[in-house]
Amino acid sequence: MTREMQMKRKARGAITISFFVLILAWLPWVISYLPGSDCPDLGGQLRQFLGITDYSTHHPIVSTLIYGTIYSIGMLLGSGDFGYLFIVIVQTLGFAAVCAYEAYEVGVLTNSHTAYRITIAFFAILPVFGSYCQWCVKDSLFAIAFGLYATLVAMCVINPNKFFESKRQLTGLCMAAIATGLLRNNGLYAVAFSLPFLALLRPKGKRFRMTIILIVTVLIILITNATVKIVTNASSDTIKESFSIPFQQTARYVREHSDEVTDSEREAINAVLDYENLATLYNEDTSDPVKATYKSTATMQDVIRYLRTWISQGLKSPKCYLCATLRQTYGYWYPEQGIATHDFEFCAYVMFENVAELRDTTYWMPEALRTFCQNWRKIFNAIPIAGYFLTPGIYTWLLVLEAGYLVWRKKTQNLLILLPCIVLTLTCIAGPLNGSVRYSLGVITAMPVCLAASMFTS
């Protein structure tokens with residue numbers, strides 16, 4: 001047996017052991033919440049797949065088709081409960097496989113068994129992963145794909161010549177990029193603004209071919225999305241999803257400066273949003289109530305008039321706009337933001353009545369088991385420093401720390417390692433919910449390999 005074959009065999013063994021260790025660590029969450037917890041987003045996706053409602057690009061259509069297929073396979077066993085159970089099984093196996101592989105590569109990149117063990121402990125002990133194994137939500141499959149993508153990007157940046165010479169690794173990178181771009185709408189940005197730049201790592205004479213390969217990968221995402229949209233006759237989501245921060249700024253301005261709003265400004269706002277209810281609907285932590293008033297009858301001219309008003313009011317009261325932005329986004333840069341703000345993101349969920357046509361609305365196991373899991377989460381949150389890792393803010397600062405370290409060490413090329421996570425974090429900040437662990441799940445999954453590859457490799 002050659003040395004290379006021995007190394008591959010050893011790698012498979014390490015990944016396999018880690019895979020089962022992680023499953024055992026997450027089993028208390030999975031068993032306690034059998035057959036799985038609900039999320040309103042998944043309920044909407046399953047309704048689309050089953051034909052109860054029409055398809056919409058509000059949820060990634062490929063994600064809807066995948067989750068719907070898994071659910072339908074489980075349904076063959078007799079009920080919607082088994083559909084949810086199959087989703088939980090797929091999510092758990094996916095997380096275990098990707099996290100085990102990432103931990104192994106962390107060990108390889110750092111040449112350290114200790115780093116490998118710390119990474120496994122991070123995935124096993126942090127309540128995030130066990131919780132999201134059993135929570136049926138589109139972000140879980142996305143985080144699995146993104147974690148794999150970020151790991152392969154790191155390997156490519158650290159040793160590009162070896163990476164690009166391996167057809168297996170290059171194919172894996174492209175496949176992971178495609179999955180990342182298809183499983184969540186903002187995943188496309190993370191891929192489009194990172195993948196093509198990897199071609200710069202090749203010698204000048206070989207860059208063109210690699211650039212074409214990586215750009216074609218991005219085009220496959222766009223073409224696939226366009227094709228499934230046509231095939232499913234899905235309606236396009238409105239532009240309101242891109243206006244979370246401007247809408248919040250407008251709502252806060254109306255609440256605080258209603259006496260200064262002119263008739264023309266009121267008319268411009270009311271053509272796009274429900275002006276009369278903005279002040280009362282304004283919630284500092286989420287833009288969803290304000291966005292819900294967006295008028296589908298609004299034309300592009302109405303939107304342009306609104307944007308002019310938005311700029312005008314911002315110039316009159318920049319402090320108001322700044323407060324609205326900081327209050328909407330502080331959870332992504334302030335680690336002290338407690339998880340109590342979004343308890344539901346750790347599955348402190350009761351079963352939703354609106355999924356009654358999809359499944360039974362009761363858990364299979366006693367409440368005491370779920371209480372045990374939630375108590376562990378609360379204990380972990382109370383541990384000094386460790387509790388920070390249950391909030392998105394700490395991961396933003398880790399990215400800043402890593403980027404600063406690379407610039408200081410004049411290793412700016414390695415900033416490409418962080419690019420997917422940086423782009424994803426920026427899209428979370430521009431999103432509708434402040435400090436969402438669910439939105440940041442991909443960054444949390446990818447953080448160990450980003451940290452290892454950017455700061456602990458030669």
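Along the sequence shown, residues are numbered consecutively beginning with 1.
- The minimum heavy-atom distance between A430 and I245, with the atom names listed, is CA-CD1, 4.0 Å.
- In this structure the side chain of C136 reaches within 4.5 angstrom of the side chain of V88, judged on heavy atoms.
- For the atom pair CD1 of I394 and OH of Y332, the computed distance is 16.0 Å after rounding to the nearest 0.5 Å.
- Note that CG of N381 is 8.5 Å distant from OG1 of T391, once rounded to the nearest 0.5 Å.
- Between R359 and D38 there is a salt bridge, since at least one side-chain N of the basic residue sits less than 4.0 Å from a carboxylate O of the acidic one.
- Within a 6.0 Å radius of CD1 in I385, no more than 12 heavy atoms belonging to other residues, nucleotides or ligands are found.
- When every heavy atom of C174 is checked against every heavy atom of L214, the shortest pair comes out as SG-CD2, 4.5 Å.
- Minimum interatomic distance between A145 and L183 (heavy atoms only, all atoms of both residues): CB-CD1, 4.0 Å.
- Side-chain N or O atoms of D285 include none that pairs as donor or acceptor with a backbone N or O of N434 at under 3.5 Å.
- A donor-acceptor pair is defined here as one N or O able to donate and one able to accept, closer than 3.5 Å; no such pair exists between the side chain of E256 and the backbone of Y253.
- A donor-acceptor distance shorter than 3.5 angstrom exists from the side chain of W26 to the backbone of F123, with no hydrogens or angles considered.
- Annotation: side chain to side chain donor-acceptor pair (under 3.5 Å) contacts of R266 (sequence neighbours excluded): D263.
- Side-chain contact of S287 with K240: a donor-acceptor pair under 3.5 Å is absent, judged by distance alone.
- Residue I221 holds its CD1 atom at 7.5 Å from OG1 of T180, rounded to the nearest 0.5 Å.
- Enclosure of atom CZ in F208 is not indicated, since only 12 or fewer non-hydrogen atoms of other residues, nucleotides or ligands lie within 6.0 angstrom.
- Other residues, nucleotides and ligands contribute only 12 or fewer heavy atoms inside 6.0 Å of the OH atom of Y189.
- At least one donor-acceptor pair under 3.5 Å links the side chain of Q91 to the backbone N or O of W135.
- Summarising the local packing, CD of E367 is surrounded by more than 12 heavy atoms from other residues, nucleotides or ligands at distances under 6.0 Å.
- The shortest side-chain heavy-atom distance between F389 and V128 does not fall under the 4.5 Å cut-off.
- Summarising the local packing, CE of M175 is surrounded by 12 or fewer heavy atoms from other residues, nucleotides or ligands at distances under 6.0 Å.
- Q374 and R377 form a side-chain donor-acceptor contact under 3.5 Å, judged by distance and modelled atom types alone.
- When side chains are defined from C-beta on, R209 does not count as touching F164, because their heavy atoms never get closer than 4.5 Å.
- Using a distance-only test at 3.5 Å, with no hydrogens or angles considered, no donor-acceptor pair links the side chain of K291 to the main chain of T286.
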Using the rule given for side chain to side chain contact (heavy atoms under 4.5 Å, CB included), can you reason through V137 versus L441, listing the C-alpha separation, both sets of side-chain angles and the distance that settles it, and then say yes or no? CA-CA 11 Å; V137 60; L441 188 59; over 6 Å; no
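- Judged by distance alone, with hydrogens and angles left aside, the side-chain atoms of E102 form a donor-acceptor pair with the main-chain N or O of V449 at under 3.5 Å.
- Counted by atom type alone, Q45 and S63 present one or more donor-acceptor pairs between their side chains at under 3.5 Å.
- Smallest separation of non-hydrogen atoms from Y149 and S194: OH-OG, 2.7 Å.
- Within the 6.0 Å centre-distance limit, the rings of Y306 and F247 are counted as a close aromatic pair.
- Within a 6.0 Å sphere centred on CG of D54, other residues, nucleotides and ligands contribute 12 heavy atoms or fewer.
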Which is it for L219 and L222 under the side chain to side chain contact (heavy atoms under 4.5 Å, CB included) test, yes or no, and what are the steps along the way? CA-CA 5 Å; L219 291 176; L222 296 172; 4.2 Å; yes
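- Between Y71 and F86, the gap from one ring centroid to the other reaches at least 6.0 Å.
- Counting heavy atoms from C-beta outward, W376 and I125 have side chains that approach closer than 4.5 Å.
- Using a 4.5 Å cut-off on side-chain heavy atoms (C-beta onward), L173 and L195 make contact.
- T445 is not listed as a side-chain neighbour of I144, based on a closest heavy-atom distance of 4.5 Å or more.
- Without hydrogens or angle criteria, T293 side chain to P289 main chain gives no donor-acceptor distance under 3.5 Å.
- In Y294, the OH atom is crowded: over 12 heavy atoms of neighbouring residues, nucleotides or ligands sit closer than 6.0 Å.
- Here the SG-OH distance, from C450 to Y395, works out to 12.0 Å after rounding to the nearest 0.5 Å.
- Between T309 and T262 the shortest side-chain heavy-atom distance does not fall below 4.5 Å.
- In this structure a side-chain-to-backbone donor-acceptor pair under 3.5 Å is present from T427 to L424.
- Judged by distance alone, the side chain of Q48 and the main-chain N or O of L65 form no donor-acceptor pair under 3.5 Å.
- Between T396 atom OG1 and L401 atom CG the span is 12.5 Å, to the nearest 0.5 Å.
- Not one N or O on the side chain of Y321 forms a donor-acceptor pair closer than 3.5 Å with the backbone of R252.
- The minimum heavy-atom distance linking P196 with V191 is given by the pair CD-O, 3.6 Å.
- If you check the side chains of Y363 and S37, you find a donor sitting under 3.5 Å from an acceptor.
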Audit row: N159, M155, side chain to side chain contact (heavy atoms under 4.5 Å, CB included) steps and yes/no: CA-CA 6 Å; N159 196 341; M155 293 169 60; over 6 Å; no
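- Within the structure, every pair that satisfies the salt bridge (charged side-chain N to carboxylate O under 4.0 Å, His left out) test and touches residues 304-316, not counting sequence neighbours, is listed here: E265-K316, E267-R305.
- With values rounded to the nearest 0.5 angstrom, R370 atom CZ is found 7.0 Å from Y33 atom OH.
- Between T64 and V228, every side-chain heavy-atom pair lies at or beyond the 4.5 Å cut-off.
- In this view, S235 satisfies the side chain to side chain donor-acceptor pair (under 3.5 Å) rule with no residue, not counting sequence neighbours.
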Test side chain to side chain contact (heavy atoms under 4.5 Å, CB included) applied to V231 and Y55, step by step: CA-CA 10 Å; V231 171; Y55 280 94; over 6 Å; no
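- Here the closest heavy-atom approach between residue T119 and residue P448 is recorded as CG2-CB, 3.7 Å.
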